[in-house]
Amino acid sequence: MTTRADAPAPVVVLGAGPAGLGAALLLARRDTRVVVLERAAVVGGLAASFDVAGVRVDHGSHRLHPSTDPFVLDELRALLGADLQLRERNGRLRLGGRWVRFPPDARELVRRLPRALAARLALDIVTAPVRRGPRADTFAEVVRARLGPTLAHDFYFPFVEKIWALPPHELSGELARRRVGARSGGALVKRALGREPQRSVFYAPRRGYGQIVEALAAAASAAGAVIRTEADVIGIEAHPDRAVVALAGGERLDAGLVLSTIPLPVLARIGGAPDAVRTAAARLTSRALVLVYLALRVPQWTPYDAHYFPGLDVPMSRVSEPKNYRDNPEDPRDVTVLCAEVPCSVGDDTWTASDDTLGRVVGDALVRSGLPRVTPFHVETRRVPNAYPVYRVGYERDFAAVDDWAGTLPNVVTFGRHGLFAHDNTHHALSMAWGVADAFGADGRIDATRWSAARSRFRDHVVED
């Protein structure tokens with residue numbers, strides 16, 4: 001990798017999500033000229049917040065987990081102060097036709113689950129030492145070997161099929177390593193017995209999750225970074241001594257270094273990748289999501305922050321109630337909003353359905369699941385085309401082809417969730433920003449050794465729900 005930014009040209013950051021804004025803030029504080037280019041009208045990406053019926057809502061259920069790197073958490077505490085609230089988790093999961101606490105509680109599981117299901121779970125734990133290891137590197141085999149057939153078939157398999165629209169044996173084992181934190185049934189029991197107290201709490205900003213990216217953007221601007229929204233990047237030319245970023249409308253921007261958080265397939269398309277790389281990039285696809293917001297004229301729908309639906313009998317994967325994530329006196333007293341996450345594919349019947357139709361579909365599914373009936377006075381939706389990277393069996397070869405090509409581009413570095421085709425949380429994206437800043441030397445170069453070490457750490461990230 002050859003990178004340099006010692007010329008007067010600025011460091012150009014593509015994308016104003018958490019990773020891009022975090023990097024911009026840290027570099028601007030070093031008196032580095034930074035320009036952030038964001039295609040949308042607002043910063044934040046999926047970490048942004050907006051208003052529905054007077055209630056501040058997020059793009060689905062977002063939490064800042066206590067496992068956030070301490071240096072990142074310290075920065076966010078400094079930026080948000082008392083607005084960054086520590087909250088008790090209070091979710092529920094539909095399992096075996098019953099609602100149980102999530103994260104799980106061992107005593108409640110014994111009391112609430114059907115006896116046959118509880119017995120099968122116990123048997124899987126007892127027989128774990130003699131269970132065969134994975135017979136293939138697939139999601140199905142890794143989960144079966146780690147956690148046993150009961151959790152695999154009753155929870156994880158239908159859940160991933162709902163989200164990714166593929167059977168578990170067609171998904172890579174890497175998805176299990178990224179998605180399933182517990183390495184064994186015994187580890188799950190320890191969690192359920194409360195031996196990991198940090199899993200029972202989370203941090204949430206008082207004014208919605210988007211307050212995090214808003215604070216990062218404000219601090220980056222105060223440090224001298226220039227943040228441009230509605231800036232559509234259509235081309236990147238990588239040269240030995242600089243890079244040139246082309247924008248819609250004819251503008252061309254010289255850059256000493258480009259830090260790209262845009263999706264890898266997009267980078268391949270606009271960065272002049274050879275045909276073989278572009279073909280591999282086209283196979284790096286993502287699953288879409290429609291977020292359905294139901295505004296209700298009640299102070300609170302339930303006391304729970306989120307309900308999880310692993311079964312294929314309902315279309316939603318999760319329904320959250322944003323007001324229950326925080327303590328904000330500014331929230332309207334007599335109105336609450338639900339956010340239903342409905343996985344889909346771009347262009348399918350769910351993606352193209354009207355807001356009212358989706359509202360009725362979600363409402364009917366809630367009642368079928370034994371939850372309170374809803375009578376929304378307003379329904380609106382947000383459509384997310386790239387919600388979940390699809391880790392098909394063999395995707396690693398395509399990712400490596402595109403990533404290796406991107407690594408040859410002088411003065412261009414890819415990072416962030418989309419930039420590394422990573423199934424990560426916000427705190428992981430922020431850790432990537434700190435990794436970039438740590439590898440950025442006083443001479444304006446990216447230290448290849450430090451960046452390689454950071455990339456290795458990123459591969460150990462495990463998604464937290």
Side-chain angles (χ1 to χ4, degrees), residues 1-38 43-45 47 68-81 212-229 231 233 236 238-245 253-262 407 409-417 419-420 426-458:
M1 179 188 301
T2 57
T3 57
R4 57 177 293 166
D6 52 352
V11 172
V12 175
V13 180
L14 306 184
L21 291 173
L25 169 61
L26 297 172
L27 296 185
R29 282 178 175 170
R30 299 185 190 179
D31 295 326
T32 303
R33 290 182 61 206
V34 180
V35 175
V36 181
L37 303 177
E38 169 58 49
V43 302
T68 300
D69 285 332
F71 44 85
V72 175
L73 192 54
D74 286 345
E75 180 66 43
L76 297 182
R77 283 172 172 152
L79 292 175
L80 297 175
I212 293 175
V213 288
E214 292 162 5
L216 289 170
S221 296
V226 176
I227 300 175
R228 296 176 53 180
T229 56
V233 176
I236 298 173
H239 303 284
D241 59 340
R242 72 190 193 288
V244 179
V245 178
L253 183 62
D254 280 337
L257 175 67
V258 172
L259 301 178
S260 173
T261 71
I262 63 178
L409 296 176
N411 303 301
V412 177
V413 174
T414 60
F415 73 114
R417 184 171 181 267
L420 296 182
T426 296
H427 66 283
H428 297 140
L430 290 170
S431 294
M432 293 185 198
W434 262 253
V436 167
D438 180 64
F440 187 84
D443 61 352
R445 296 176 180 270
I446 291 290
D447 183 279
T449 301
R450 286 188 175 185
W451 182 237
S452 178
R455 288 283 303 265
S456 295
R457 293 194 301 273
F458 303 159

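Computed from heavy atoms alone, side chains included, the values below leave out hydrogens, waters and symmetry copies.
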Practice problem: Apply side-chain hydrogen bond (donor to acceptor under 3.5 Å, both in side chains) to Arg29 and list each qualifying residue two or more places apart in sequence or on a separate chain. | Solution: Glu75
Quiz prompt | Over all atoms of both residues, closest heavy-atom pair of Val12 and Asp254 | solution = CG2-O, 4.5 Å
Quiz item: Residues two or more places apart in sequence or in another chain: which of them pass side-chain hydrogen bond (donor to acceptor under 3.5 Å, both in side chains) with Ser456?
Solution: Arg459
Practice problem: Just do the side chain to side chain contact (heavy atoms under 4.5 Å, CB included) check on Glu38 and Ile227 with the steps written out, would you? | Solution: CA-CA 8 Å; Glu38 169 58 49; Ile227 300 175; 5.6 Å; no
Which pairs of donor and acceptor atoms, one on a side chain in residues 15-24, lie under 3.5 Å apart (sequence neighbours left out)?
none

Quiz prompt | Val13, Leu37, Val244, Val412 screened by side chain to side chain contact (heavy atoms under 4.5 Å, CB included) with Val258, the one that passes | solution = Val412
Quiz item: Got a second to check how far Thr68's OG1 is from Asp74's CG, nearest 0.5 Å?
Solution: 11.0 Å
Self-check item: Spacing of CG belonging to Asp447 relative to OG belonging to Ser452, to within rounding of 0.5 Å
Solution: 10.0 Å
Quiz item: Got a second to check how far Thr414's OG1 is from Leu409's CG, nearest 0.5 Å?
Solution: 8.5 Å
Self-check item: Sequence-distant partners of Arg77, side-chain hydrogen bond (donor to acceptor under 3.5 Å, both in side chains), two or more places apart
Solution: Tyr203
Self-check item: CA sep, side-chain torsions, deciding dist, call: Val35, Val245, side chain to side chain contact (heavy atoms under 4.5 Å, CB included)
Solution: CA-CA 11 Å; Val35 175; Val245 178; over 6 Å; no
Quiz item: Between atom CG of Leu216 and atom CG of Leu26, what is the distance when rounded to the nearest 0.5 Å?
Solution: 9.0 Å
Practice problem: Please report the shortest heavy-atom distance between Val43 and Ala217, naming the atom on each side. | Solution: CG2-CB, 4.1 Å
Quiz item: Between Leu76 and Leu430, is any pair of side-chain heavy atoms under 4.5 Å apart?
Solution: yes
Cut-off 3.5 Å, no hydrogens considered: what does the side-chain donor-acceptor table look like for residues 431-442, sequence neighbours left out?
residue	atom	partner	partner atom	Å
Ser431	OG	Asp69	OD2	2.6
Ser431	OG	His427	O	3.0

Quiz prompt | Gap separating the CG atom of Leu27 from the CG atom of Leu257, nearest 0.5 angstrom | solution = 8.5 Å
Exercise. State whether the side chain of Thr261 and the backbone N or O of Leu14 hold a donor-acceptor pair below 3.5 Å, judged by distance alone.
Key: yes
Practice problem: Heavy atoms only: give me the nearest Ala28-Val34 pair and the separation to one decimal. | Solution: N-CG2, 4.0 Å
Practice problem: Please report the closest heavy-atom contact between Pro240 and Asn411, naming both atoms and the distance. | Solution: O-ND2, 3.4 Å
Exercise. Of all the heavy-atom pairs spanning Ala9 and Gly256, show the shortest one and how long it is.
Key: CB-N, 3.4 Å
Quiz prompt | With Arg457 via salt bridge (charged side-chain N to carboxylate O under 4.0 Å, His left out) - residues at least two apart | solution = none
